[in-house]
**Student:** 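To start, I am sharing the structure in question, which I have written as structure tokens.
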Amino acid sequence: MPVHDRAPAAQKLDIERDGSSRPGVSFSDLPGNPWTMLRGDIEKAAFSILPEDVEIRYSTVPTTIHQDEAGVDVTLHDTSAGTSVTERFDLVVGADGLRSTVWSLVFGPHEKYLLRLNYMIAAFQFHGTPLGLVPGQAATLLEPDRSMWVFAYRDHDPTILLTYRTDVIDALGTADELLFDSAEQVRMDRWHKGRVVLVVDAAWCVTLYAGMGVSSGLVGAELLGTLLERHPADVGSALNAWEQALRPYIDHYLDGAAADRKVFVVDNRLEILFRRMMPWLRRFRLGQRIVNRVVRVDEIARYKNVDIVGAVMNGSEGKTVRR
Ligand SMILES: Cc1cc2nc3c(=O)[nH]c(=O)nc-3n(C[C@H](O)[C@H](O)[C@H](O)COP(=O)(O)OP(=O)(O)OC[C@H]3O[C@@H](n4cnc5c(N)ncnc54)[C@H](O)[C@@H]3O)c2cc1C
């Protein structure tokens with residue numbers, strides 16, 4: 001199925017432990033009408049349009065990477081067969097996530113580039129509808145230093161995100177898959193070294209709180225491909241141009257993560273009060289302006305809804321993308 005907007009129709013709720021609730025503001029209310037999707041939607045869509053001549057090897061991990069002026073030698077270990085082979089490539093792209101192996105083999109220890117935000121996260125899929133909600137209803141429970149987010153979809157079970165110090169609900173123990181991790185950023189001065197380049201979380205994990213990991217990955221990959229086509233005989237120039245063009249946007253998401261984190265987990269009751277007032281404030285012009293200022297609507301338009309590839313290719317300032 002092609003990618004589609006899974007945003008539910010039901011009103012999102014801000015809920016409390018005592019069971020009370022009030023209407024809340026959801027991500028799909030943000031400027032630019034962002035779509036609600038699952039990460040797997042993007043993976044499936046990307047997989048379905050791969051050209052036939054692209055070879056995919058599963059259960060295969062890189063164990064050594066050595067490069068010279070003309071190419072990169074990579075030893076690949078097949079974990080199911082227990083065999084290894086060394087092959088030569090023009091360019092190696094490390095898209096193996098936070099704590100990337102390509103990263104540690106070429107750029108050094110992870111600790112050098114990781115910035116810990118001091119929050120733990122647990123995320124999992126919930127089968128059915130959480131008690132007190134109607135099917136397809138999103139909800140947020142905010143308390144200082146902890147939160148629970150129920151992300152709802154119109155045609156899929158909800159997913160739940162807990163940020164630490166909350167009681168872990170029973171469903172977490174019976175979930176098929178569970179992500180439990182610390183919230184980390186990756187900050188690197190350079191994303192490429194010779195003919196090895198890192199992309200997305202391996203290079204610039206902006207944290208889940210920025211909500212820009214997948215988008216920056218798609219744009220970063222498209223831009224990389226475009227610039228490699230533009231400099232077919234000069235990988236170095238392509239990588240320099242790519243990094244220079246993308247850097248301002250990624251730096252913005254990285255720098256904004258502390259503020260974005262407050263969307264997910266607030267620091268104090270005053271912030272909770274403001275969040276509760278947001279739906280009411282948005283009804284008035286002044287209130288809407290205050291909300292826009294706090295939500296940083298101008299920055300969203302400039303950095304998050306922008307056509308980065310178009311801007312780079314036209315040599316112009318980015319234009320906001322509107323659907
Ligand atoms: C709970 C949560 C919510 C999020 N919400 C959003 C959101 O709303 N919007 C958004 O844009 N982003 C969101 N993100 C961030 C987004 O998921 C990531 O930025 C994105 O998935 C990064 O893509 P990636 O390809 O770099 O890494 P990953 O998605 O982590 O993929 C890396 C791949 O590399 C493979 N791999 C790892 N090591 C090796 C190895 N040695 N050899 C071979 N393969 C290897 C892994 O198996 C995996 O398939 C969220 C993240 C989390 C954790």
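Note that the numbering runs from 1 along the sequence shown for the chain. Each ligand, and each atom within it, is numbered from 1 in the order the structure gives. Values below: every heavy atom of this structure, side chains too, minus hydrogens, waters and symmetry copies.
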**Student:** Please could you name the atoms of ligand 1 that A95 approaches to less than 4.0 Å, counting only its heavy atoms?
**Tutor:** 25 (O), 32 (C), 33 (C), 34 (O)
**Student:** If you measure only the distance, is there a donor-acceptor pair under 3.5 Å linking the side chains of Y58 and S80?
**Tutor:** no
**Student:** Would you say the side-chain atoms of H4 and D41 include a donor-acceptor pair closer than 3.5 Å?
**Tutor:** no
**Student:** Could an N or O of ligand 1 be found under 3.5 Å from any N or O of P62, whether backbone or side chain?
**Tutor:** no
**Student:** Closer than 4.0 Å and a protein heavy atom, does any atom meet both conditions relative to atom 13 (C) of ligand 1?
**Tutor:** no
**Student:** When you measure from the heavy atoms of T60 to every atom of ligand 1, does any distance fall below 4.0 Å?
**Tutor:** yes
**Student:** Indicate whether atom 17 (O) of ligand 1 is within a distance of less than 4.0 angstrom of some protein heavy atom.
**Tutor:** yes
**Student:** Run the numbers for me: atoms of ligand 1, each under 4.0 Å from some heavy atom of V61, listed by number.
**Tutor:** 40 (C), 41 (N), 42 (N), 43 (C)
**Student:** With heavy atoms of T101 as the reference, note each atom of ligand 1 found under 4.0 Å away.
**Tutor:** 41 (N)
**Student:** For atom 47 (O) of ligand 1, is the nearest protein heavy atom under 4.0 Å away?
**Tutor:** no
**Student:** Quick one: do the T86 and T75 side chains pair a donor with an acceptor below 3.5 Å?
**Tutor:** yes
**Student:** Check ligand 1 against M212 and write out every atom of the ligand that is under 4.0 Å from a heavy-atom position of the residue.
**Tutor:** 10 (C), 11 (O)
**Student:** Is it true that atom CZ of R269 has more than 12 heavy atoms of other residues, nucleotides or ligands lying nearer than 6.0 Å?
**Tutor:** no
**Student:** Is it true that N240 and Q244 share a donor-acceptor pair across their side chains at a distance under 3.5 Å?
**Tutor:** no
**Student:** Considering only non-hydrogen protein atoms, determine which one is nearest to atom 23 (O) of ligand 1 and report residue, atom name and distance to 0.1 Å.
**Tutor:** V200 CG1, 3.6 Å
**Student:** May I ask you to establish whether K193 and W103 are in a cation-pi arrangement, using a distance under 6.0 Å from NZ or CZ to the six-membered ring centre and at most 45° from the ring axis?
**Tutor:** no
**Student:** With a cutoff of 4.0 Å, is G211 in contact with ligand 1, counting heavy atoms of the residue only?
**Tutor:** yes
**Student:** Mark up the atoms of ligand 1 that fall under 4.0 Å of a heavy atom belonging to A123, in ascending order.
**Tutor:** 1 (C)
**Student:** For ligand 1, indicate whether the residue R39 contacts it via side chain, backbone, both or neither (heavy-atom separation under 4.0 Å).
**Tutor:** side chain
**Student:** Among all protein heavy atoms, pick out the one at the shortest distance from atom 15 (C) of ligand 1; state its residue, atom name and that distance to 0.1 Å.
**Tutor:** G213 CA, 4.2 Å
**Student:** Indicate whether any N or O donor in one side chain lies under 3.5 Å from an N or O acceptor in the other, for H77 and T63.
**Tutor:** no
**Student:** Hey, are R146 and E143 close enough for a salt bridge, meaning a charged N less than 4.0 Å from a carboxylate O?
**Tutor:** yes
**Student:** Using a 4.0 Å cutoff against the non-hydrogen atoms of L179, which atoms of ligand 1 qualify?
**Tutor:** 53 (C)
**Student:** Is atom CD of E87 surrounded by more than 12 heavy atoms (other residues, nucleotides or ligands) closer than 6.0 Å?
**Tutor:** yes
**Student:** If the threshold is 4.0 Å, N to carboxylate O, is there a salt bridge linking K112 and D189?
**Tutor:** no
**Student:** Of all the non-hydrogen atoms in the protein, which one sits nearest to atom 45 (C) of ligand 1, and at what distance?
**Tutor:** D96 CB, 3.8 Å
**Student:** Would you verify whether the NZ or CZ of R22 falls within 45 degrees of the ring axis of W280 while also being under 6.0 Å from that six-membered ring's centre?
**Tutor:** no
**Student:** Specify the protein heavy atom at minimum distance from atom 27 (O) of ligand 1: its residue, its atom name, and the distance to 0.1 Å.
**Tutor:** G97 CA, 3.4 Å
**Student:** I'd like to know if the side chain of S216 reaches the main chain of G213, judged simply by a donor and an acceptor atom lying under 3.5 Å from each other, with no hydrogens or angles considered.
**Tutor:** yes
**Student:** Answer yes or no: does an N/O atom from V214 fall short of 3.5 Å to an N/O atom of ligand 1?
**Tutor:** yes
**Student:** Tell me the protein heavy atom at minimum distance from atom 19 (O) of ligand 1, and give that distance in Å.
**Tutor:** D201 OD1, 2.8 Å
**Student:** Who's the nearest protein heavy-atom neighbour of atom 50 (C) of ligand 1, and how far?
**Tutor:** L208 CB, 3.5 Å
